[in-house]
Amino acid sequence: MKILLILPAAEHLRVTPGSPVPRRAMLRFSVLSLTTVAALTPGEHEVTICDENVQPLDVDADVDVVGVTFMTALAPRAYEIAREFRRRGKVTVAGGFHPTLCTDEAAGHFDAVVAGEAEGVWPQVLEDIQGGTLRKVYRSDADQDLSAVPVPRRKLLESTADHYATVHAVQTGRGCNHACRFCSVTAFFNHRHRSRPLEDVLTELRSIPRNFMFVDDNIIGDPQYARQLFRAMIPMKKRWISQCSIEIADDPELLALAHRAGCRGLFVGIETLSEENLAAVEKGFNDSRGYLRRIRAIRRAGIGVQAGMIVGMDGDDVTVFQRTLRFLQAARIDALQLAILTPQPGTPLREAFVRDGRVVDSDWGHYDFRHTVIRPAGMSAAQLQDGADWLYRQFYRLDRIVVRTARALLTCGPVAAVLVWRLNLTYRYDNLREHIVGRNPVRRPRRNLLDVAADLLWAVRGWAMRLRSRPA
Ligand code: B12
């Protein structure tokens, strides 16, 4: 059979016929979900991948089966895609986070849903399609060991590889032992962490270039395993980034090993400065009192820190934005991913918000962490949106990016500095493109001259592009 695997993109990011691929190389990482499903596909089938972030989707493609992966914010687009292909008589299959956490909903739009991991399930789905016995839902065994995880078929991304920062995404393990109430990973993997056989990972690493990304949810999920992995990686002289809990800072030996193994940047879920908030989401292990010391330890080890911060938790009032910005500056955070508290499906957080009637927007398309979909406790929804936008915009001011990059160069070295520069510019680019300005609810608006100039240049660029794309 001919199988097309699709990663949908939200409307403002989607590449359509004739439109240019937006310049956001740093944030685009290869589609590991789909290259993995492709690798699980028996050789008799022909597989292609379409990532709507970098290429237009041809709904008239000559294919038999269409597999779509999607997170919650992409559900509306995934359902549109399913409708188009089903109308053309193709068999459609859904997989990934949203179909797993909202299986019945996804089953209403697709011919079949794979809930959970594809290993051990996907070949059966294909066999059933061929045999005419396709079921609605296929559920993977959540406890299976990860020796069945294949080496992803990265070659399928060859024609679009230039649009990604790297197509070399590697996973050493899945899930996380923590049980943070807002986290989809906890819901998906039932707060359990499993590691792949170390030798499988090392073999895969030997086959890829120097720079890559570990897409683990917590690269030190099993500290003993991480120690072995890092030791074995030292002679490989790789350079990589990953995600990790702040607990790495409490283990100087592990931290040093990570750096010697080539780690140059970590995404760390700091989430909030408030102990009350941390306790409410069951992330007390973060211990906000030690943030500055722990972040300093990670940066001193030569590893840049991207902070994941959440605003809009119940202990937050309108002062949270300015306090958070001050903290990020004081902690010398290298990059920021800011989230507005979003009750994702399947999480205990959602259950509580639904129960209390505090979910005010049920359009999944807005569940991208950039929209306010809740009624916050300590401010209005408009203040939360404004303040979050303001904080994002302020953090990515051009002068701050320049200082940040220079600092990263001096403290973490050239690889980290290049990463910081590109990552910061990508977020700044996204903020400009999405016209994110915002307003600090506790202060009168004050704009930076550089930002005003950048906005003007941006508007001129937009006009020029529109003029150029206008039909003669
Ligand atoms: C790497 C990553 C990214 C990367 C790359 C994303 C990409 N396009 O590939 C970047 C940094 C860009 C990113 C961005 C975002 N991400 Co992200 N990301 C991840 C992360 C850590 C790993 C994804 C991955 O590669 N997994 C490895 C693959 C192999 O696992 P998998 O996807 O689960 O696939 C398996 C099964 O699900 C199944 N499967 C999956 N798809 C399909 C399809 C078919 C047809 C079949 C049969 C089976 C199948 O089979 C696979 C093999 O078993 C996940 C967390 C996680 N554990 O997965 C979060 C995660 C997916 N991201 C998430 C979010 C929210 C975002 C952002 C919105 C964050 C933000 N604030 O901006 C953005 C959105 C960007 C966008 N528009 O696409 C959430 C999604 C939550 C939800 N309920 O939808 C997750 C779960 C993180 C979390 N803790 O909540 N992300």
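Heavy atoms only: backbone and side chains are in, while hydrogens, waters and symmetry mates are out. Nothing here was measured: the structure is a model prediction, and the numbers come from that model. Order of appearance sets the numbers: ligands from 1, and atoms from 1 within every ligand.
A donor-acceptor pair under 3.5 Å is formed between the side chain of Ser242 and the backbone N or O of Phe214. Judged by distance alone, the side chain of Asn218 and the main-chain N or O of Ile220 form a donor-acceptor pair under 3.5 Å. Without hydrogens or angle criteria, Thr342 side chain to Ile340 main chain gives a donor-acceptor distance under 3.5 Å. Panel note: side chain Arg350, backbone Val359; no donor-acceptor pair is recorded below 3.5 Å.
There is no side-chain donor-acceptor pair under 3.5 Å between Glu271 and Asn277. At a cut-off of 3.5 Å, with distance as the only test, no side-chain donor of His191 or Thr186 sits close to an acceptor on the other residue.
Polar contact with ligand 1: present for Asp217 (N/O pair, distance under 3.5 Å). For ligand 1, the polar-atom distance check finds no N/O of Thr36 at less than 3.5 Å from any of the ligand's N/O atoms. Between His98 and ligand 1, no N or O atom pair is found at a separation short of 3.5 Å. Inclusion of Cys183 in the set of residues having an N or O under 3.5 Å from an N or O of ligand 1 is not warranted. Where the criterion is an N or O separation shorter than 3.5 Å, residue side chain and backbone included, Gln243 fails it with respect to ligand 1. Checked against a 3.5 angstrom limit, the closest N/O atoms of Glu117 and ligand 1 fall outside it.
For the side-chain hydrogen bond (donor to acceptor under 3.5 Å, both in side chains) test, no residue two or more places apart in sequence or in another chain qualifies with Glu351. Evaluation of the side-chain contact (heavy atoms from CB on, under 4.5 Å) rule for Ala331 yields Leu292, Ile295, Phe327, Ile333 as partners, not counting sequence neighbours.
Ligand 1 lies within reach of Phe188, whose nearest heavy atom is under 4.0 Å from it. Every heavy atom of Pro345 sits 4.0 Å or more from the atoms of ligand 1. Residue contacts with ligand 1 do not include Arg370, since none of its heavy atoms lies under 4.0 Å from the ligand. Every heavy atom of Val125 sits 4.0 Å or more from the atoms of ligand 1.
Closest to atom 47 (C) of ligand 1 by heavy atom, among Trp122, Tyr367, Phe214, Trp364, is Trp122. Here atom 20 (C) of ligand 1 lies nearest to Val215 when heavy atoms of Val215, Val66, Ile310 are compared. Among Thr72, Leu7, Thr35, the residue whose heavy atom lies nearest to atom 84 (O) of ligand 1 is Thr72.
Looking at Asp145 and Arg194, no side-chain N of the basic residue comes within less than 4.0 Å of a carboxylate O on the acidic one, giving no salt bridge.
Contacts with ligand 1 closer than 4.0 Å are made by heavy atoms of both the backbone and the side chain of Met71.
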